[in-house]
Engineer: 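Sharing a structure below in structure tokens format, with a few things to ask.
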Amino acid sequence: IFWDIAKALGFDLEAKVPFVVVWLCLGGLFFTIRLRFINIRGFGHAWRILSGAFAKRNEKGEVSHFQALTTALSATVGLGNIAGVAIAISIGGPGATFWMIMAGFLGMSLKFAECTLGIKYRKIFPDGTVSGGPMYYLSKGLEQKNLKHLGKLLALLYGLLIVLASFGGGNMFQSNQAIAQLNTVAPGISGFNILIGILLAILVGLVIIGGIKSIARVTSRIVPLMAVIYILAALVIIFANYNRIFEVFDLIIKSAFTNGAAAGGIIGVLITGFQRGAFSNEAGIGSASIAHSAAKTNIPVREGFVGLLEPFIDTVVICTMTALIIVFTGVYEGAQGISGAPLTSKAFASVFPWFPYVLVVAIFLFAFSTLLSWSYYGLKGFNFLFAGVIGRKTATLIYQFIFLFFIVLGSATELGDVIAFSDMMILGLAFPNLIGLYIFVPDILAEIKNYNSKGAA
């Protein structure tokens, strides 16, 4: 039906439509409508929670709301915002930016649902450490709904995929693009990629051995720093072109709905934008709920509100800034094979010749913080699968060793191969996760109703 209607309207449908992109798009639209635009209604309240207005000392958890948010953001505010946006525009043109923003807007509702369930069904161990996320709300929650076997199957599938995703998009893509940018500003060291990868692995290893508290301490410092560096630089170029802002947004919107656009017309641009937007903010994928599950709160909905801020910061703000810089400077036209982080670097360098040196620092901070967070996500999945068999300590050591090895592997792998593997693994997480979210809709609505009845919102 979709194809017949689109063809009748004259759209070019040569672009292949990955089912997972449609799956995420429909999921975001459904939850935005079903939760009565919680992404808009809860936006102001989310900032109040983040400020500590409702914090209580006796609440269970390992990290604060702010630390949980920065840990999750460090996984999403990364190279997807720099390299991913450049890839989207180089393939789909300026119109891909519009669909990335839409992916962020709809993703806010999905993040709310995921993070609410993450707190509701998390597991707190006797030593005070916490494990949560889709593996737990799929297994524990569906068992309570007399869907034990389905819940176990989905949880095991998710656990396997989150481990593999942590080796791809959360690992290899990060080290690959960080080193690619370093090679751009210092071509002479291109022969030492593996050595640089080993040094990066050592730095990551020194942090992740301390667990979520160590990771949260580092990311709560790195994320604001890297965001400030990158956003300030972007704002300088945006303000320098303030007289062209309306012109560029007009180009972005028209290109988003123009049949003659790149990558197979409007459908191709939509797919490219949503795919890169979903890769960047990870809404519907469930990974962020693993970090948010460790937050110090006894009220599930409260962390849901904090979670919905992620796609806004990641995609609506930072991805849009990157896109504006690339479109302002026009470097996406005739890029001659340049894509990813080097294309974004070229855009900045066209205004500030020295900026690639600053950008390489920002990119390494982005990559480093993303590696930290995804090591935690993958570890929780690995422990869910194997800790019951070989013990948590042994499983943790094995996983961390493998994770560090993939950092080195990513430093010496071609970008195309890394992107394909990363997309397949990370977007694949949406299948088991969204199936669970649909089943849990009545529970999420009940949590919201209970929260509002107590005058908490």
Engineer: Please say whether more than 12 non-hydrogen atoms of neighbouring residues, nucleotides or ligands are located less than 6.0 Å from OH in Tyr438.
Structural biologist: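 Enclosed: over 12 neighbouring heavy atoms sit under 6.0 Å from OH of Tyr438.
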Engineer: Taking side chain as C-beta onward, heavy atoms only, is Trp374 less than 4.5 Å from Ser287?
Structural biologist: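 They are in side-chain contact.
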Engineer: Would you check if Leu110 and Leu434 make a side-chain contact, meaning some heavy-atom pair closer than 4.5 Å?
Structural biologist: yes
Engineer: Is there side-chain contact between Leu200 and Leu371, with at least one heavy-atom pair below 4.5 Å?
Structural biologist: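 When only atoms from C-beta onward are counted, Leu371 and Leu200 do touch, with a gap below 4.5 Å.
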Engineer: Restricting to side chain to side chain contact (heavy atoms under 4.5 Å, CB included), what partner residues turn up for Ala68, sequence neighbours left out?
Structural biologist: Val63, His292, Ala295, Glu303
Engineer: Quick one: are Leu429 and Tyr377 in side-chain contact, heavy atoms under 4.5 Å?
Structural biologist: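 Side-chain contact under 4.5 Å: no.
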Engineer: For Lys380 and Val130, indicate whether the former's side chain and the latter's backbone hold a donor-acceptor pair under 3.5 Å.
Structural biologist: yes
Engineer: For the backbone of Thr370 and the side chain of Ser373, can you confirm whether one donor and one acceptor N or O come within less than 3.5 Å of each other?
Structural biologist: no
Engineer: Kindly indicate whether the side chain of Phe403, heavy atoms from C-beta on, has any atom under 4.5 Å from the side chain of Leu379.
Structural biologist: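 In short, these two side chains do not touch, never coming nearer than 4.5 Å.
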Engineer: Run the ring-ring contact (aromatic ring centres under 6.0 Å, His included) check on Tyr158 and Phe431 step by step: do they pass?
Structural biologist: CA-CA 9 Å; Tyr158 190 92; Phe431 290 108; over 10 Å; no
Engineer: Sequence neighbours excluded, which residues qualify as side chain to side chain contact (heavy atoms under 4.5 Å, CB included) partners of Leu199?
Structural biologist: none
Engineer: Does Ser289 have any side chain to side chain contact (heavy atoms under 4.5 Å, CB included) partners at least two apart in sequence or in another chain, and if so, which?
Structural biologist: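 If we apply the side chain to side chain contact (heavy atoms under 4.5 Å, CB included) test to Ser289, skipping adjacent residues, the hits are Glu114, Pro134, Tyr137.
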Engineer: Please list, chain by chain and in numerical order, all residues satisfying salt bridge (charged side-chain N to carboxylate O under 4.0 Å, His left out) with Lys111, sequence neighbours excluded.
Structural biologist: Glu310
Engineer: Measuring only between side-chain heavy atoms, which start at C-beta, is Val301 closer than 4.5 Å to Phe112?
Structural biologist: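 Val301 reaches Phe112 side chain to side chain.
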Engineer: Please give me the minimum heavy-atom distance between Ile162 and Gly381, naming the atom from each residue.
Structural biologist: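 Reported closest heavy-atom pair: CG2-CA, 3.6 Å.
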Engineer: Main chain of Phe312, side chain of Thr315: is a donor-acceptor contact present, judged purely on distance under 3.5 Å?
Structural biologist: no
Engineer: Show me the side-chain donor-acceptor pairs of residues 33-44 shorter than 3.5 Å, one per line, residues at least two apart or across chains.
Structural biologist:
| residue | atom | partner | partner atom | Å |
| --- | --- | --- | --- | --- |
| Asn39 | ND2 | Phe105 | O | 2.9 |
| Arg41 | NE | Arg36 | O | 2.6 |
| Arg41 | NH2 | Leu35 | O | 3.0 |

Engineer: Suppose we screen for side chain to side chain contact (heavy atoms under 4.5 Å, CB included). Which residues come up paired with Ile198, at least two apart in sequence or across chains?
Structural biologist: Ile194, Ile202, Val408
